[in-house]
Participant: 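Quick one: the structure is below, and I'll ask about it shortly.
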Amino acid sequence: MKKQLQTLLYQSLEVLESDEVEVSIEKNDIKIEHTRDPSHGEFATNIAMLLAKKNKCNPRELAKKISINLPKTDFIEHTEIAGPGFINFFLSKNAYQSIVLEILEKGKKYGTSKAGKNKSTLVEFVSANPTGPLHIGHGRGAAYGAAICNLLKKTGYDVRSEYYVNDSGRQMNILTVSTWLRYMELFGEKINFPDNAYQGNYIKDIASELKEKYSDKFIFSNNKIFDNSSNQSSDEKLDTLIDLCMNELGEEKYGVIHKTCLNSILLIIKNDLCSFGVEFDNWYSENSLIENMELNKCISTLENKSWIYEKDGAKWFRSSKHGDVKDRVLVRENGQSTYFASDIAYHKSKFERQYKKIINIWGADHHGYTDRINASMEALGYPSKNLEILLVQFAALFRGKKKLQMSTRSGEFITLKELVTEVGKDAARFFYIMRKSEQHLDFDIELAKSESNDNPVYYIQYAHARICSVFRQMKEKNYSFIQIKKLSDLSVLDDTHEIKLLSSLAKYPDVIENAAISYEPHQLAYYLRELANDFHTYYNANQFLVDNDAIRNARLTLIDATGKVIKDGLLQLGVSSPEEM
RNA sequence: GCGCCUGUAGCUCAACUGGAUAGAGCACCGGCCUUCUAAGCCGGGGGUUAGAGGUUCGAGUCCUCUCAGGCGCGCCA
């Protein structure tokens, strides 16, 4: 409907332009917005105020000229000039009523658009290190990313989701050694388990798994391993331990433990995401970049283009040439490449896989990292404007008023799985996307648990359940229902509550598109709350199952359409729509 | 110290990305069930948008400074 108004306004402006007014504005730049106050009509535009400035004329007079030259149409009842020069559009009742037919005709396609032009899009999110189960902080990224994918799909983008698996590097080695130590414990070895190794109980589970599968295959005793007396720092001790462990076990055995750890934890992560309702199209392994030499190729490419220099025995990338505050190391003095190096190769692959729009969803603690990634893509000749890095602020965790410290290493964290078990998938998903992603989120577990019945998600689901219930009652009471197909049969829907509900239903496509292109799924959550409110109000004010066939059919058709929009909206957010509660 | 994010009702947050009288939910007060689910509806109180300047027809939104909180500034990932 906005598009139609834009066209009408543009036609009016064309008439004026041939007259005396200078109109330097594109049709799509004419801004039309839903009014906040119903007394201002349904839509409003500030076009007259913008053009009055350029033409140095009175905005209200210009507004009047524009509205007089608007082509006649049956869906606009009348226009008004208001305030400093707004043009307000009041729609005819037919315009509102026709929404119902549109919703039912389009079915699940209501709210979809082609704005994305089928552009191939990659959304990478979560990508937590496979060193432990997902915790509550990851949940926010998961819920947000999944909603972004759904919204972009509905807006006409060709979307694929991806999880980048950091299955290489020091953290994985620490995980491997932690597991091996627990394994040794199972054979009665007394271990002084290092503080900075992974403490979680899931490590012990993997150790048991190893023992079951491989029996005593990985046992060796070398007193140096359990000698804790050196005066190295704790990090150095851990690295020494890793080296010793690798040497004693040998590449093959060490590799088996490494792989077992990785697979067990990936399985945990996948299961947790599954019960959270989040699935990925692709899991991209960091290690694969190393094995198939993509990483080396990438570094050579940069070297050939003189983006790399050597200093202090390390290879540095000139990221400062492209906006970063300093240059960054790609290959360390000891010959090992950095995480950043493989990340360049990874992002290069995203461009090579022909994605036109690349979205990364990162925790806000990575914001210092965006400059160097952008710099690396520019250096490789890829436009960094095609790479959109969205930062999600941290979820600070509270139990009542007590702030909990979260650390994967120490094993002190609430897992996503625990959260889903405690508050339910629907409430958790909704809770996470309720607030803007750049807002800090205080996630109070006590509150989420104790108030789960007050959670707004139930309010919305309840509206859907009530609609289903009405149709159940209809059958029980032997009422008939014939879905209305003709606009004239909907003319009985002219009560203020009905018009309000129709008006909200009409906004749905705009809400979806706006939420998608601005990456703000919370807009949809707020919209659904309003829509549910409109329905509940209507429900309390009017009876649907009435004896008058014409009225009953019209009202049931309206609430049928309402239920479908609520269900579709919740689906985008990963929330279910129960038929009874 | 430098950079990024944030500061809106007692609490948790919105405000269609510069629009009209800043809105919801909790909490508080008062009404509504012999009628399709009261997990609901209706009404009420509650604000110097952290503070001070600036930009313009118009600022919670943009610019500058100050204050407060969070995060980041590795040859970690």
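Computed from a predicted structure; not experimentally measured. Lettering of chains follows the sequences in order, A, B, ..., and the numbering in each one begins at 1. All heavy atoms count here, side chains included; hydrogens, waters and symmetry mates do not.
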Participant: Could you measure between the two P atoms, the one in B:G53 and the one in B:U12, and give it in whole Å?
Facilitator: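 It works out to 28 Å between them.
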Participant: Where does B:U17 land, syn or anti, once you apply the within-90°-of-0 test for syn?
Facilitator: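 Here B:U17 takes the syn form, which means its glycosidic angle is within 90° of 0.
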Participant: Base, sugar-phosphate, or nothing: which does A:P456 touch, judged by heavy atoms less than 4.0 Å apart?
Facilitator: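 A:P456: no heavy atom of the nucleic acid under 4.0 Å.
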Participant: Check whether the ring centres of A:Y519 and A:Y144 lie less than 6.0 Å apart, and answer yes or no.
Facilitator: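 Ring centroids of A:Y519 and A:Y144 are no less than 6.0 Å from each other.
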Participant: Using atom C1' of each nucleotide, how far apart are B:A22 and B:G58 to the nearest Å?
Facilitator: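 14 Å, rounded to whole Å.
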Participant: Among B:C16, B:C41, B:A38, which is the nearest nucleotide to the side chain of A:H34?
Facilitator: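 Closest of the options to the side chain of A:H34: B:C16.
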Participant: Atom NZ of residue position A:K425 - does it have more than 12 heavy atoms of other residues, nucleotides or ligands inside 6.0 Å?
Facilitator: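 For A:K425, atom NZ is crowded (more than 12 foreign heavy atoms under 6.0 Å).
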Participant: Establish, with yes or no, whether the OP1 or OP2 oxygen of B:A15 is under 4.0 angstrom from a side-chain nitrogen or oxygen of A:H522.
Facilitator: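 It does, given that an N or O in the side chain of A:H522 lies less than 4.0 Å from OP1 or OP2 of B:A15.
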Participant: NA contact type, A:E530, heavy-atom cut-off 4.0 Å: base, sugar-phosphate, or nothing?
Facilitator: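 The residue A:E530 makes no contact with any strand.
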Participant: With no angle test and no hydrogens, is the base of B:A20 tied to the side chain of A:N88 by a donor-acceptor pair under 3.5 Å?
Facilitator: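 Counting by modelled atom types and ignoring angles, a donor-acceptor contact under 3.5 Å is found here.
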Participant: Does A:F89 form a side chain to side chain contact (heavy atoms under 4.5 Å, CB included) with A:I32? I'd like the steps, not just the answer.
Facilitator: CA-CA 10 Å; A:F89 296 90; A:I32 292 159; 5.6 Å; no
Participant: Give one of base, sugar-phosphate or nothing for A:K315, where a contact means two heavy atoms less than 4.0 Å apart.
Facilitator: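 Nothing: the residue A:K315, judged by heavy atoms under 4.0 Å, touches no strand.
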Participant: At under 4.0 Å, does any side-chain N or O of A:Y459 touch on OP1 or OP2 of B:C41?
Facilitator: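 Result: yes.
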Participant: For A:K31 and A:I47: C-alpha separation, side-chain torsions, deciding distance, then whether side chain to side chain contact (heavy atoms under 4.5 Å, CB included) applies.
Facilitator: CA-CA 7 Å; A:K31 215 171 101 184; A:I47 185 72; over 6 Å; no
Participant: A:W362 and side chain to side chain contact (heavy atoms under 4.5 Å, CB included): which partner among A:L390, A:V392, A:I373?
Facilitator: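 Single pass found, and it is A:I373.
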Participant: Mark yes or no for whether A:Q199, through its side chain, and A:P194, through its backbone, hold a donor-acceptor pair below 3.5 Å.
Facilitator: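 Side chain of A:Q199 to backbone of A:P194, a donor-acceptor pair under 3.5 Å: yes, one is there.
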Participant: Between A:E438 and A:M474, just flag the one whose closest nucleotide in RNA chain B comes earlier from the 5' side.
Facilitator: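 Mapping each residue to its closest nucleotide by heavy atoms, the 5'-most match is A:E438.
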Participant: Test A:Y459 against A:H536 for side chain to side chain contact (heavy atoms under 4.5 Å, CB included), laying out the working first.
Facilitator: CA-CA 9 Å; A:Y459 178 88; A:H536 285 308; 3.5 Å; yes
Participant: Taking 4.0 angstrom as the limit, do A:E162 and A:K350 come out as a salt bridge?
Facilitator: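 Result for this pair is no, no salt bridge flagged.
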Participant: Taking OP1 and OP2 of B:A20, is either one under 4.0 Å from a side-chain nitrogen or oxygen of A:T35?
Facilitator: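 Looking at the OP1 and OP2 atoms of B:A20, neither is under 4.0 Å from any side-chain N or O of A:T35.
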Participant: I would like to know whether A:D37 and A:S39 meet side-chain hydrogen bond (donor to acceptor under 3.5 Å, both in side chains); could you show each step before the answer?
Facilitator: CA-CA 5 Å; A:D37 185 341; A:S39 71; 3.1 Å; yes
Participant: Can you tell me if A:H440 is stacked onto the base of B:G69, using a 5.5 Å centroid cut-off and an angle below 30°?
Facilitator: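 No, A:H440 does not stack on the base of B:G69, since the centre distance and plane angle fail the 5.5 Å and 30° test.
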Participant: What distance, rounded to whole Å, do you find between the two P atoms, one in B:A59 and one in B:U49?
Facilitator: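 It works out to 12 Å between them.
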Participant: When rounded to the nearest Å, what value does the distance between C1' atoms of B:C11 and B:U55 take?
Facilitator: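 Pairwise C1' distance, B:C11 against B:U55, rounds to 35 Å.
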Participant: Indicate the atoms forming the closest heavy-atom contact of A:E294 with A:K348, along with that distance.
Facilitator: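 Smallest heavy-atom distance, with atoms named: OE1-NZ, 4.4 Å.
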Participant: Counting side-chain heavy atoms from CB outward, which of B:A39, B:C36, B:A20 is closest to A:Y458?
Facilitator: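 Selected nucleotide: B:A39.
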Participant: Tell me which nucleotide among B:C41, B:C36, B:C57 gets nearest to the side chain of A:T537.
Facilitator: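 Nearest to the side-chain atoms of A:T537, counting from C-beta on, is B:C41.
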Participant: Using atom C1' in both nucleotides, what's the gap between B:U6 and B:G44 to the nearest angstrom?
Facilitator: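 One C1' to the other, the span is 33 Å.
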Participant: Roughly how far apart, to the nearest Å, are B:C2 and B:G46 at atom P?
Facilitator: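 Per the computed distance, 43 Å lies between those P atoms.
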Participant: Contact class for A:A463 (heavy atom, under 4.0 Å): base, sugar-phosphate, or nothing?
Facilitator: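 Answer is nothing: A:A463 stays at 4.0 Å or more from every strand.
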Participant: With centres under 5.5 Å and planes under 30° as the test, does A:Y526 stack with B:A24?
Facilitator: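 Not stacked by the 5.5 Å and 30° rule.
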Participant: When we call it a touch if two heavy atoms are under 4.0 Å apart, what does A:A82 touch: a base, just sugar-phosphate, or nothing?
Facilitator: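 Base, at least one base atom sits under 4.0 Å.
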Participant: If pairs are Watson-Crick or G-U with both distances under 3.5 Å, what is the dot-bracket string of RNA chain B, marking crossing pairs with [ ] and pairs to another strand with |?
Facilitator: (((((((..((((.....[...)))).(((((.......))))).....(((((..]....))))))))))))....
Participant: Could you tell me whether A:Q336 contacts a base, only the sugar-phosphate backbone, or nothing, with contacts defined as non-hydrogen atoms closer than 4.0 Å?
Facilitator: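 A:Q336: no heavy atom of the nucleic acid under 4.0 Å.
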Participant: Is any side-chain nitrogen or oxygen of A:K31 closer than 4.0 Å to OP1 or OP2 of B:U17?
Facilitator: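 Yes.
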Participant: For A:N542, report the nucleic acid contact type (base, sugar-phosphate, nothing); a contact means any heavy atom under 4.0 Å.
Facilitator: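 The answer is base, as A:N542 lies within the cut-off (heavy atoms under 4.0 Å) of a base atom.
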Participant: Scan nucleotides 28-33 of chain B nucleotide by nucleotide, 5' to 3', and note B when protein non-hydrogen atoms come under 4.0 Å of the base, S if they reach only the sugar-phosphate, - if neither.
Facilitator: ------
Participant: Tell me if a side-chain donor or acceptor on A:T155 pairs with a main-chain N or O of A:A115 at a distance below 3.5 Å.
Facilitator: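 No; judged by distance alone, with no hydrogens or angles, the pair does not exist.
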Participant: Among B:G19, B:G7, B:G25, which is the nearest nucleotide to the side chain of A:R529?
Facilitator: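 Looking only at heavy atoms from C-beta outward on A:R529, the closest nucleotide is B:G25.
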Participant: Measuring to OP1 and OP2 of B:U17, would you say a side-chain N or O of A:Q523 lies under 4.0 angstrom away?
Facilitator: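 For B:U17, OP1/OP2 do not have a side-chain N/O of A:Q523 under 4.0 Å.
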Participant: If I pick the P atom on B:U66 and the same atom on B:C4, what distance separates them, to the nearest angstrom?
Facilitator: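 Result for the P pair: 14 Å, nearest Å.
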Participant: Classify the nucleic acid contact of A:T370 as base, sugar-phosphate or nothing, counting any heavy atom under 4.0 Å across all strands shown.
Facilitator: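 Contact class for A:T370: none.
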Participant: Counting only side-chain heavy atoms from C-beta out, which of B:C41, B:C5, B:C36 sits nearest to A:F544?
Facilitator: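 Shortest atom-to-atom distance from the side chain points to B:C36.
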Participant: Just call it for A:Q439: base, sugar-phosphate, or nothing, with non-hydrogen atoms closer than 4.0 Å on any strand.
Facilitator: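 If one applies the 4.0 Å heavy-atom cut-off, A:Q439 turns out to touch the sugar-phosphate alone, with no base involved.
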Participant: Should the pair A:R466 and A:Y539 be classed as cation-pi, given the thresholds of under 6.0 Å to the six-membered ring centre and 45° from the axis?
Facilitator: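 Judged by the rule, A:R466 and A:Y539 form a cation-pi pair.
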Participant: Does CD belonging to A:E579 count more than 12 external heavy atoms closer than 6.0 Å?
Facilitator: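 For A:E579, atom CD is not crowded (no more than 12 foreign heavy atoms under 6.0 Å).
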Participant: Polar-atom pairs under 3.5 Å, protein N or O versus N or O of nucleotides 72-77 of chain B: list them with distances, or write none.
Facilitator:
residue, atom, partner, partner atom, Å
B:C75, OP2, A:K326, NZ, 3.4
B:C75, O2, A:E333, N, 2.9
B:C75, N4, A:D312, O, 2.8
B:C76, OP2, A:R332, NE, 3.2
B:C76, OP2, A:R332, NH1, 2.7
B:A77, OP1, A:R332, NH1, 3.4
B:A77, OP2, A:Y339, N, 3.0
B:A77, O2', A:N129, OD1, 3.1
B:A77, O2', A:N129, ND2, 2.6

Participant: Going by ring-ring contact (aromatic ring centres under 6.0 Å, His included), A:Y346 matches just one of A:Y164, A:Y163, A:F340, A:Y339. Which one?
Facilitator: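 Going through the options one by one, the only one that passes is A:Y164.
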Participant: Which heavy atom of A:Q461 sits nearest to which heavy atom of A:D426, and what is that distance?
Facilitator: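 The pair with the smallest heavy-atom distance is NE2-OD2, 3.0 Å.
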Participant: Under 4.0 Å, heavy atoms only, any strand: does A:K436 hit a base, just the sugar-phosphate, or nothing?
Facilitator: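 A:K436: backbone/sugar contact only, no base atoms under 4.0 Å.
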Participant: Is the shortest side-chain N/O distance from A:K2 to OP1 or OP2 of B:C16 below 4.0 Å?
Facilitator: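 No.
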Participant: Does B:C33 adopt a syn or an anti glycosidic conformation, taking syn as a chi angle within 90° of 0?
Facilitator: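 Classified syn.
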Participant: Look at all strands and tell whether A:A541 reaches a base, only sugar-phosphate, or nothing, counting heavy atoms closer than 4.0 Å.
Facilitator: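 Since no nucleic acid heavy atom lies under 4.0 Å of A:A541, the category is nothing.
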Participant: Can you check the distance between B:G45 and B:C5, where both ends of the measurement are the C1' atom (answer in whole Å)?
Facilitator: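 The same atom, C1', in both gives a distance of 35 Å.
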Participant: With respect to the phosphate group of B:A39, does any side-chain polar atom (N or O) of A:R466 fall under 4.0 Å of OP1 or OP2?
Facilitator: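 Checking A:R466 against B:A39: no side-chain N or O falls below 4.0 Å of OP1 or OP2.
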